[in-house]
Amino acid sequence: MTGHRTAGVDTREQFRPEGHETDHFILTSVVGSYPKPKWLNRADDLVHDEDSKFTEEHLHEAHDDACRVIVDEHERAGLDTVVDGEMRRNEMVEFFAHRIDGYEFHGPVKVWGHNYFDKPSVVEEVEYDEPWLVDEFEFTRDAASKPVKVPITGPYTLASWSFNEAYDTEADLAYELADLVNTEVEKLVEAGARYIQIDEPALATTPDDHAIVGECLERIVADIDPDVRIGLHVCYGDYSRIYPEVNDFPIDEFDVELCNGGFEQIDVFTDPEFEPDLALGVVDAHTAEVESVEEIKQNILQGLKVVPPEKLTISPDCGLKLLPRKIAYGKMENMVKATREVEAELDAGEIDLADPLPTA
């Protein structure tokens with residue numbers, strides 16, 4: 001693995017808003033999923049109701065409307081980069097498996113408690129057919145006034161959370177899928193995408209496979225314009241088992257879920273020096289309470305223990321889709337307010353970067 005893919009290239013500055021009020025700029029974003037409007041969930045149900053006159057065309061229009069609503073919500077909260085909240089996606093593996101030749105579905109599998117997952121099977125060699133996300137990106141881009149980030153489920157998770165009936169090893173399947181993701185990223189970049197996030201939640205449960213994920217990332221970023229920002233999101237787990245190996249990944253940004261663990265693992269990333277940008281979750285995606293601006297500011301300072309401000313991105317811990325929408329919005333709004341206040345304090349020299357969180 002070659003390590004940081006864009007050494008000497010600043011992929012962040014392109015997202016600084018015009019007329020940004022402070023010299024310091026800390027990028028704000030969201031991980032991906034967001035609560036769907038209740039009427040969209042109803043529309044999803046109606047299209048499968050034989051007695052309903054609600055059609056796929058109506059559902060497509062509902063998805064478009066929901067995308068506009070959520071993009072507007074993200075922009076009102078003040079985020080620097082937005083997503084559509086994954087309004088068109090049902091589940092992070094299933095959505096892509098339906099779009100990749102070689103996958104089949106055989107019904108839901110019980111994963112925990114009373115939760116079921118329509119786990120797909122790879123029954124023959126996977127192939128790329130039609131673009132997966134280009135239409136979704138183009139619609140979101142046209143609906144937004146801010147830059148749009150595109151989350152994509154990574155090949156390791158697509159392989160790990162599927163039944164493999166066609167390849168000798170799961171790694172072989174992951175590498176083939178990585179080549180397909182590379183094709184999709186190329187098409188997204190052609191359409192104007194400048195910020196791509198690869199989601200690999202499966203790595204948190206099988207951290208010993210970090211070398212497989214690294215090879216997948218090498219394939220994903222092959223021949224991608226170095227100005228395009230590539231992030232990797234890995235959900236909560238034992239990060240000490242993939243650090244410092246993460247430093248060898250060809251990414252611009254590593255997105256971690258530390259808020260719901262009280263930042264107990266933040267020191268993992270301080271030795272040796274953290275090389276990519278750090279995207280730090282500073283609000284908990286699992287609690288239906290809006291953190292105060294002051295609390296979030298303290299969480300942001302945790303990130304400054306690891307990287308300087310110009311290498312810090314601020315986001316929620318993970319996708320917010322399971323929260324009440326009002327709570328999700330409140331978290332984002334306070335997150336942005338806290339970030340802007342920290343920027344101003346950095347400009348004023350009020351934060352000691354050598355010791356951003358001094359103990360009393």
Side-chain angles (χ1 to χ4, degrees), residues 4 6-31 74-82 146-147 149 195 227 229 231 239 243-244 246-247 251-259 261-284 290-317 330-360:
H4 192 254
T6 53
V9 177
D10 182 359
T11 63
R12 165 192 301 270
E13 194 62 22
Q14 62 191 307
F15 304 114
R16 180 192 288 260
E18 192 174 334
H20 190 65
E21 293 183 355
T22 55
D23 290 335
H24 281 89
F25 171 54
I26 297 175
L27 181 64
T28 59
S29 191
V30 282
V31 173
H74 287 175
E75 295 191 346
R76 281 189 288 116
L79 291 167
D80 300 310
T81 60
V82 302
K146 299 282 188 75
K149 179 167 79 172
Y195 194 175
D227 290 336
R229 187 170 183 81
Y239 291 117
Y243 192 78
V246 166
N247 281 341
I251 56 176
D252 301 299
E253 175 182 271
F254 185 52
D255 189 310
V256 295
E257 180 179 339
L258 291 180
C259 188
F263 298 95
E264 288 182 359
Q265 295 189 68
I266 194 72
D267 291 339
V268 166
F269 302 113
T270 59
D271 186 25
E273 182 179 349
F274 192 80
E275 293 185 14
D277 289 2
L278 175 67
L280 183 69
V282 296
V283 294
D284 192 341
V290 177
E291 294 89 344
S292 70
V293 170
E294 282 303 315
E295 181 182 348
I296 298 170
K297 285 170 68 175
Q298 291 299 301
N299 295 345
I300 293 170
L301 296 181
Q302 295 277 0
L304 293 177
K305 291 162 63 174
V306 178
V307 293
E310 64 271 16
K311 289 174 64 70
L312 184 63
T313 299
I314 295 303
S315 74
D317 253 353
K331 285 176 181 279
M332 290 192 309
E333 186 177 45
N334 280 5
M335 184 183 84
V336 172
K337 286 179 182 175
T339 303
R340 304 287 92 104
E341 288 188 17
V342 168
E343 289 171 341
E345 290 170 14
L346 286 164
D347 274 13
E350 296 170 5
I351 296 171
D352 179 3
L353 291 176
D355 188 15
L357 269 173
T359 52

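Sequential numbering from 1 along the given sequence is applied to the chain's residues.
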Go through Asp255 and Thr313 one step at a time and tell me if the side chain to side chain contact (heavy atoms under 4.5 Å, CB included) criterion holds. CA-CA 8 Å; Asp255 189 310; Thr313 299; over 6 Å; no
For Glu350, does the CD atom have more than 12 heavy-atom neighbours from other residues, nucleotides or ligands under 6.0 Å away?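 Buried by this count: over 12 neighbours within 6.0 Å.
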Should His20 and Arg340 be marked as a side chain to side chain contact (heavy atoms under 4.5 Å, CB included) after you check the CA-CA gap, both sets of side-chain angles, and the distance that decides it? CA-CA 10 Å; His20 190 65; Arg340 304 287 92 104; 3.6 Å; yes
Between Ile314 and Asn299, does the side chain to side chain contact (heavy atoms under 4.5 Å, CB included) criterion hold? Intermediate values first, please. CA-CA 10 Å; Ile314 295 303; Asn299 295 345; over 6 Å; no
Approximate separation, where rounding is to 0.5 Å, of [X] [atom1] and [Y] [atom2]:
X: Leu312; Y: Phe25; atom1: CG; atom2: CZ; value: 11.0 Å
X: Asp277; Y: Thr11; atom1: CG; atom2: OG1; value: 6.0 Å
X: Ser292; Y: Lys297; atom1: OG; atom2: NZ; value: 10.0 Å
X: Thr28; Y: Ile300; atom1: OG1; atom2: CD1; value: 9.5 Å

Heavy-atom check, side chain of [X] versus side chain of [Y], under 4.5 Å:
X: Val283; Y: Pro316; value: yes
X: Pro276; Y: Asp252; value: no
X: Leu357; Y: Gln302; value: yes
X: Phe15; Y: Ser29; value: no
X: Glu341; Y: Glu294; value: yes
X: Ile296; Y: Val342; value: no
X: Gln298; Y: Phe263; value: no
X: Asn334; Y: Val290; value: yes

Test salt bridge (Lys or Arg N to Asp or Glu O under 4.0 Å) applied to Lys149 - qualifying residues, sequence neighbours left out: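 Lys149: no salt bridge (Lys or Arg N to Asp or Glu O under 4.0 Å) contacts found.
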Ion pair present between Arg12 and Glu310, side-chain N to carboxylate O less than 4.0 angstrom?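 Salt bridge absent between Arg12 and Glu310.
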Check this for me, if you would: do Asp267 and Lys305 make a salt bridge, where the nitrogen-to-carboxylate-oxygen distance has to be below 4.0 angstrom?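 Here Asp267 pairs with Lys305 in a salt bridge, since their nearest N and O are under 4.0 Å apart.
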Just to verify, what does [X] make a side-chain contact (heavy atoms from CB on, under 4.5 Å) with, not counting sequence neighbours?
X: Glu264; answer: none
X: Pro309; answer: His24, Ile26, Leu304, Leu346, Leu353
X: Glu273; answer: none
X: Glu75; answer: Val71, Val82, Ala144, Ser145, Lys146

How far apart are the C-alpha atoms of Arg229 and Thr81, what are their side-chain angles, what is the distance that settles it, and do they pass the side chain to side chain contact (heavy atoms under 4.5 Å, CB included) test? CA-CA 12 Å; Arg229 187 170 183 81; Thr81 60; over 6 Å; no
Might you point out which heavy atoms bring Cys259 and Gly281 nearest each other, and give the distance in Å?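 Nearest pair, atom of Cys259 first, then Gly281: CB-O, 3.5 Å.
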Counting only N and O atoms by type, is there a donor-acceptor contact under 3.5 Å from the side chain of Asp347 to the main-chain atoms of Asp23?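 Between the backbone of Asp23 and the side chain of Asp347 there is a qualifying donor-acceptor contact (under 3.5 Å).
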Sidechain-backbone polar pair: Tyr239 side chain, Glu257 backbone, donor-acceptor under 3.5 Å: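 Yes; at least one donor-acceptor contact below 3.5 Å.
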For Phe274, ring-ring contact (aromatic ring centres under 6.0 Å, His included) partners two or more places apart: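 If we apply the ring-ring contact (aromatic ring centres under 6.0 Å, His included) test to Phe274, skipping adjacent residues, the hits are Tyr243, Phe269.
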